[in-house]
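Accompanying notes for the structure given below.
None of these values were measured; they are calculated from a predicted model. Just the heavy atoms: all of them, side chains too, but no hydrogens, waters or symmetry mates, feed the values below.
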Amino acid sequence: MNRPHPTRCYALADCNNFYVSCERVFDPSLKGVPVVVLSNNDGCVIARSPEAKAVGVQMGEPAFKREGFFRRHSVRVFSSNYALYGDMSQRVMSILGESAPRSEIYSIDEAFLDLAGLPDSTETHCQTLRQKVFRWTGIPISIGVGPTKTLAKIANRIAKKYAKFDGVFDLTNHPRMNDILAWLPVADVWGIGRRSVNKLGRHGVKTALDFARLPDDWLKKKMTVTGLMTAMELRGIPCFELELAPPSSKSLLCSRSFGRPVSSRTEMLESVAAYVSRAAEKLRGQGSVASWVKVFILTNPHKMELQYANARAMTLSVGTDHTPTLIKAAHSLLNDIYKPGYNYKKAGVMLAGIEPKATRQLSLLNLPPNTDDRDTTLMTCLDRINDRFGRSTLQYAATGLGRPWSMRQLRKSPRYTTAWHELPRVG
DNA sequence: TCTGGGGTCCTAGGACCC
DNA sequence: TCTGGGGTCCTAGGACCC
């Protein structure tokens, strides 16, 4: 057990409290004080500075329940600013990407790096990288290293938790590997979620070491092959490879809670058109077409009032990335499920049946209209303008003008890095 | 007043075929 | 009276991640 594979060396670089760190880069008054960032619609807490954690703000807490607490503890509260976080993420990722021959961007604030065969020591390399990312972007990161991705995750957690390691911890050939796994609750292992923790608890499995020592056939039967692979990774046998060029999405979702309850059909149609437009942009961004569209709507499940939720999907005869075609489909689905008299809280659009546009399946009976090329030219033009001048410079009238239903973001910081008129001023 | 959004993978079970 | 066995494909739902 715990026999590391000699040729593998994975690092997980993870930005510390990423969203809060982004806010701090451009607003020095946030240093050293409790800061939180809220989810879309200013719903719940999704990022906390260490000071916010220290005063007891929990992850995922609804913000409205804590307004008084935030005031009493002078917690600085921000709406999420994805234009800023996305841009900062790109800066960090480009530096990380250059630091290793192979890398995988795993999420907005994490990347796996393949450090096998680098000339200098792992520790030196990682410390240099950390300092470089901080100097060039202002974002602090932590790096965990191990013979498998799962162990690199654990190492990263240790690097973050204990200041004495200075942001870097290496589990490769660690003499106290078993002690560390026995110290780590199984809930903190990558890939073991709450449901599994409950199930494992009933079988007396509490720590990562308990889990790693379970028999393979038991793991396979009770935890499926992914559970088995996780256990093998804890033993030092790599099962999860780097995803070097992440394949394009197989489904695309765009959904939002409304800033206030919506009941009118007109507003529902507008919001669905807006979500389709966004999903179609993403679709074109990856050079795909979609042939399956689903629309769903729901009332607020947290409220004591008449509830309604419904969804409907349809398959198109030909895959498309043409926004008006998709809006038309989504509108007909919405009209099927919409019922007047309810206070809707949320709507969403999902696209699937996704394939590359270049090799898409055409229909024998229903060939695309010969305006196809014109549509493509129009969509390309639309995307270019919006890319250059901002996402909603050009939009379809069906998405509405006033958008009274759009999400609430009362405490958003400026788009410091992506909008000319919001650039920070010096002096 | 007010509780996020966007993905992936795996499995079981039904439909269907020979 | 008697009522197989195996394969594929699809979908819904569960579980997980950030």
Side-chain angles (χ1 to χ4, degrees), chain A residues 12-15 17-19 36-47 58-68 70 77-82 85-86 89 104-112 149-150 153 156-157 186-200 219-230 239-240 243 246-262 275 278-279 281-283 285-286 292 294 296 298-305 311 313 315 343 345-354 406-411:
Chain A
L12 176 66
D14 186 328
C15 302
N17 326 303
F18 181 54
Y19 297 169
V36 300
V37 175
L38 305 181
S39 62
N40 273 339
N41 227 23
D42 293 347
C44 38
V45 175
I46 54 169
Q58 297 299 309
M59 195 70 169
E61 277 191 310
F64 75 91
K65 286 186 180 168
R66 299 289 266 182
E67 288 300 341
F70 291 156
V77 182
F78 289 86
S79 302
S80 38
N81 183 347
Y82 284 103
Y85 311 151
S89 174
E104 169 191 345
I105 297 174
Y106 177 65
S107 73
I108 195 167
D109 69 337
E110 287 169 88
F112 285 103
K149 286 170 120 182
T150 304
K153 271 267 189 189
N156 184 281
R157 186 181 201 84
V186 71
D188 293 348
V189 174
W190 188 40
I192 309 289
R194 218 180 17 169
R195 308 301 285 256
S196 300
V197 169
N198 290 339
K199 181 158 61 171
L200 289 165
L219 284 163
K220 175 121 189 255
K221 201 163 128 209
K222 302 273 188 184
M223 304 286 300
T224 81
V225 293
T226 43
L228 176 57
M229 289 197 284
T230 295
C239 295
F240 304 127
E243 294 260 8
S248 52
S249 302
K250 294 167 183 170
S251 66
L252 288 172
L253 180 72
C254 183
S255 73
R256 296 273 185 287
S257 295
F258 301 128
R260 58 139 169 85
V262 170
Y275 304 159
R278 179 72 196 114
E281 273 173 24
K282 291 191 235 171
L283 190 64
Q286 62 172 41
W292 187 88
K294 176 170 158 178
F296 61 89
L298 55 147
T299 51
N300 190 342
H302 300 290
K303 272 182 129 168
M304 292 293 288
E305 61 177 28
T315 302
N343 286 322
K345 174 61 181 167
K346 185 176 182 176
V349 172
M350 191 171 175
L351 303 180
I354 291 177
S406 65
M407 68 180 172
R408 216 180 22 245
Q409 287 203 301
L410 299 178
R411 306 190 248 202

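Remark: A/Y82 engages A/Y19, A/Y85 in a ring-ring contact (aromatic ring centres under 6.0 Å, His included) (not counting sequence neighbours). Contacts of A/F78 classified as ring-ring contact (aromatic ring centres under 6.0 Å, His included), with partners at least two apart in sequence or in another chain: none. Among residues two or more places apart in sequence or in another chain, the side-chain contact (heavy atoms from CB on, under 4.5 Å) test is passed with A/K345 by A/N41, A/S257, A/N300. Here A/S251 pairs with A/M350, A/A352 under the side-chain contact (heavy atoms from CB on, under 4.5 Å) rule; sequence neighbours left out. Scored by the salt bridge (charged side-chain N to carboxylate O under 4.0 Å, His left out) test, A/R408 finds no partners at all (sequence neighbours excluded). Under the rule for a salt bridge (charged side-chain N to carboxylate O under 4.0 Å, His left out), A/R256 has no partner lying at least two apart in sequence or in another chain.
Across C/dG4 and B/dC16, the matching C1' atoms stand 16 Å from one another, rounded to whole Å. When the P atom is compared between C/dC17 and B/dT3, the two are found 25 Å apart, to the nearest whole Å.
As judged by a 4.0 angstrom heavy-atom cut-off over every strand, A/R194 is placed among residues touching the sugar-phosphate backbone only. No engagement by A/I108 is indicated, since no non-hydrogen atom pair under 4.0 Å with the nucleic acid exists. Within 4.0 Å (heavy atoms only), A/S249 reaches sugar-phosphate atoms of the nucleic acid but no base atom. Within the 4.0 angstrom heavy-atom criterion, only backbone atoms of the sugar-phosphate kind lie near A/E110; the bases stay farther away. Nucleic acid contact class of A/V349 (heavy atoms, under 4.0 Å, all strands): none. At the heavy-atom level, A/K221 lies nowhere under 4.0 Å from the strands shown. Within the 4.0 angstrom heavy-atom criterion, no nucleotide atom of any strand lies near A/D42. At a threshold of 4.0 angstrom between heavy atoms, the contacts of A/L38 with the nucleic acid are absent. Within the 4.0 angstrom heavy-atom criterion, no nucleotide atom of any strand lies near A/K199.
Sequence order on DNA chain B of the closest nucleotides to A/Y82 and A/L252 puts A/Y82 first from the 5' end. Of the residues near DNA chain B, A/K220 and A/G60, the one whose nearest nucleotide (by heavy atom distance) lies more toward the 5' end is A/G60.
The aromatic rings of A/Y275 and A/F258 sit parallel, their planes meeting at an angle under 30°, below the 60° perpendicular limit.
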In residues 221-228 of chain A, what donor-acceptor pairs under 3.5 Å come from side-chain atoms, sequence neighbours left out?
unit_1, atom_1, unit_2, atom_2, d
A/T224, OG1, A/T226, N, 3.4
A/T224, OG1, A/T226, OG1, 2.9

Worksheet item: DNA chain B in dot-bracket, Watson-Crick or G-U pairs under 3.5 Å, [ ] crossing, | other strand?
Response: ....||||||||||||||

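Bounding nucleotides for the chain A contact on DNA chain C, 5' to 3', at a heavy-atom distance below 4.0 Å, are C/dA15 to C/dC18.
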Worksheet item: Step by step, would you call A/I354 with A/K250 a side chain to side chain contact (heavy atoms under 4.5 Å, CB included)?
Response: CA-CA 6 Å; A/I354 291 177; A/K250 294 167 183 170; 5.8 Å; no

